[in-house]
Amino acid sequence: MRIVRVMWRGVSLFSALALFGAGLTACSINRFERRDPWRDQAEQVCLAKKLVEPSEFITPIAAMDGPGPCGMQQPFRVTRLAGGSVVLKQRMTLGCPALAEAEAWLADTIQPAANLYFGVPVAEINAGSYSCRGRNNQPGAKLSEHGFGNAIDVMSIKLADGHVITVKGGWRGTEAEQGFLREIFLGACQRFTTVLAPGSNVFHYDHIHVDLARHDPRGLKRICQPLIKFTPQLGTGVERPLSRPVPPPRQPAAPQAPVDVEEDDPYGVSPMSRAASPTQVARAPARLPAASAYTAAPPARPAPRVATVAPEEPEEVSDEPLQLGAPPSNGPIY
């Protein structure tokens with residue numbers, strides 16, 4: 001009898017946990033949202049133009065309808081890109097439009113940039129795709145483009161020689177890593193309507209997010225953050241033929257446009273930062289500059305008939321290392 005009671009308690013506990021998990025899942029999805037008509041239309045156009053060709057690495061699967069407004073008409077399960085030459089570390093599920101642009105981005109920017117900066121091609125990409133959730137994983141938030149198979153998060157890229165470039169470490173890594181990641185960032189801005197990299201906000205400190213969200217009725221506006229000072233090296237020589245035409249130029253979206261942005265964090269501070277707030281600039285305390293050979297000392301009052309010069313004082317040395325930083329700004333900067 002005692003054994004039966006223990007088993008019954010175990011079943012009851014498991015059932016309670018299952019119901020609790022289901023409740024959390026339901027709370028994380030905004031069920032009042034509806035799938036916008038343009039999403040199905042974009043899929044139909046992409047499929048009609050055959051912008052994605054099924055293969056042993058790109059397999060059509062059953063339509064996904066829900067939970068809530070999540071899903072897509074014709075999802076594709078993807079294990080490799082570029083005709084099988086680039087492995088995906090984790091299998092992706094994408095709709096036709098996002099998959100087509102990802103293939104073009106890889107062919108036109110990512111592979112050429114890898115050869116330019118490292119002399120070897122890309123062999124593997126670690127990226128995330130479909131996930132029915134709110135933006136930035138916030139319960140009750142507007143649904144992320146990931147919930148429609150319309151977004152990709154790139155965390156790292158592995159080259160043919162085994163070198164792995166992580167977005168988290170490489171964004172401020174070696175000169176070659178920084179150049180490579182900025183090339184592919186700007187290349188993504190030519191193809192996707194939303195591109196968010198480290199420095200755009202606190203949620204994207206370790207990956208590059210790209211999606212094809214519509215920020216205006218005609219789909220002409222885009223968001224590409226952060227604003228960076230970088231001169232692309234691709235395209236400076238012989239023009240390369242594109243794998244397929246680049247979309248028409250888009251207008252920058254207004255700051256209040258709906259994207260995966262919560263708060264600005266120009267310096268890519270991670271969620272584990274002990275800063276007082278995500279927008280706080282990490283820099284050493286401001287001090288009055290000491291007189292030196294590079295800063296003029298305050299003029300001394302001259303004595304009668306003899307000009308005197310104030311002695312130079314040694315620069316004040318701080319034990320605290322200076323962080324990369326700049327004065328705070330209302331907009332994203334780098």
Side-chain angles (χ1 to χ4, degrees), residues 20-47 52 61-78 90-102 127-155 188-189 191-197 200-225 250 253-265 271 278:
F20 179 71
L24 288 179
T25 303
C27 292
S28 65
I29 300 173
N30 189 339
R31 295 186 179 274
F32 292 100
E33 286 190 53
R34 294 291 180 267
R35 196 181 309 174
D36 295 323
W38 66 263
R39 298 186 182 280
D40 292 343
Q41 295 168 3
E43 272 197 87
Q44 293 166 4
V45 170
C46 181
L47 294 169
V52 171
I61 59 177
M64 303 173 69
D65 188 13
C70 289
M72 59 205 93
Q73 291 181 325
Q74 178 56 82
F76 289 91
R77 186 163 292 158
V78 190
Q90 49 186 322
R91 183 178 62 190
M92 294 199 300
T93 301
L94 291 170
C96 183
L99 177 54
E101 291 300 336
S129 57
Y130 176 76
S131 176
C132 186
R133 59 173 176 80
R135 290 177 178 173
N136 304 315
N137 282 307
Q138 302 301 301
K142 186 177 177 64
L143 278 174
S144 169
E145 290 299 307
H146 287 286
F148 306 101
N150 204 32
I152 301 171
D153 286 342
V154 177
M155 282 78 76
C189 292
R191 292 199 167 275
F192 296 90
T193 56
T194 312
V195 184
L196 301 171
S200 61
N201 59 67
V202 70
F203 297 100
H204 296 84
Y205 72 100
D206 63 350
H207 65 277
I208 297 176
H209 169 96
V210 299
D211 69 45
L212 291 170
R214 286 197 180 179
H215 304 301
D216 68 298
R218 295 194 300 165
L220 296 179
K221 290 185 179 180
R222 69 179 179 195
I223 289 178
C224 187
Q225 296 178 351
R250 301 185 177 97
Q256 66 271 20
V259 291
D260 282 5
V261 175
E262 290 288 327
E263 299 178 26
D264 281 341
D265 182 27

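We number each residue from 1, following the sequence as shown.
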Does [X] reach the main-chain N or O of [Y] with its side chain, forming a donor-acceptor pair under 3.5 Å?
X     : Y      : value
Gln90 : Ala127 : yes
Glu43 : Gln74  : yes
Arg77 : Arg91  : no

(request) Answer yes or no: is there a side-chain heavy-atom contact under 4.5 Å between Asp153 and His146? (result)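 The answer is yes, as the side chains (C-beta and beyond) meet within the 4.5 Å cut-off.
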Output the distance between atom [atom1] ([X]) and atom [atom2] ([Y]), rounded to the nearest 0.5 Å.
X      : Y      : atom1 : atom2 : answer
Cys46  : Gln73  : SG    : CD    : 11.5 Å
Ser200 : Tyr205 : OG    : OH    : 12.5 Å
Thr194 : Glu145 : OG1   : CD    : 7.0 Å
Leu196 : His204 : CG    : NE2   : 4.5 Å
Trp38  : Leu212 : CH2   : CG    : 7.5 Å
Cys96  : Met72  : SG    : CE    : 11.5 Å

(request) Among Val78, Leu99, Ile61, find the residue that satisfies the side chain to side chain contact (heavy atoms under 4.5 Å, CB included) test when tested with Thr93. (result)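 Looking at Val78, Leu99, Ile61, the match for Thr93 under the side chain to side chain contact (heavy atoms under 4.5 Å, CB included) is Ile61.
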[X] versus [Y], closest heavy-atom pair with distance:
X      : Y      : result
Cys132 : Pro67  : SG-O, 3.6 Å
Ala102 : Ile152 : CB-CD1, 3.5 Å
Ala98  : Ala151 : CB-N, 4.4 Å

(message) Using side chain to side chain contact (heavy atoms under 4.5 Å, CB included), reason through Val210 and Arg191 one step at a time and then give a plain yes or no.
(response) CA-CA 9 Å; Val210 299; Arg191 292 199 167 275; over 6 Å; no
(message) Run the side chain to side chain contact (heavy atoms under 4.5 Å, CB included) test on Asn150 and Arg39 for me, step by step, so that the C-alpha distance in whole Å, both residues' side-chain angles and the decisive distance to 0.1 Å come before the verdict.
(response) CA-CA 9 Å; Asn150 204 32; Arg39 298 186 182 280; 3.9 Å; yes
(message) Test of understanding: with ring-ring contact (aromatic ring centres under 6.0 Å, His included), list the residues that count as partners of Phe192, not counting sequence neighbours.
(response)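 Listed in chain order: Trp105.
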(request) Evaluate the side chain to side chain contact (heavy atoms under 4.5 Å, CB included) criterion for residues Asp211 and Thr193: first the C-alpha distance (whole Å), next the side-chain angles of each, then the deciding distance (0.1 Å), finally the verdict. (result) CA-CA 6 Å; Asp211 69 45; Thr193 56; 3.7 Å; yes
(request) Give the ring-plane orientation class for His209 versus His207, where under 30° counts as parallel, over 60° as perpendicular and anything between as tilted. (result)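 Rings of His209 and His207: perpendicular, over 60°.
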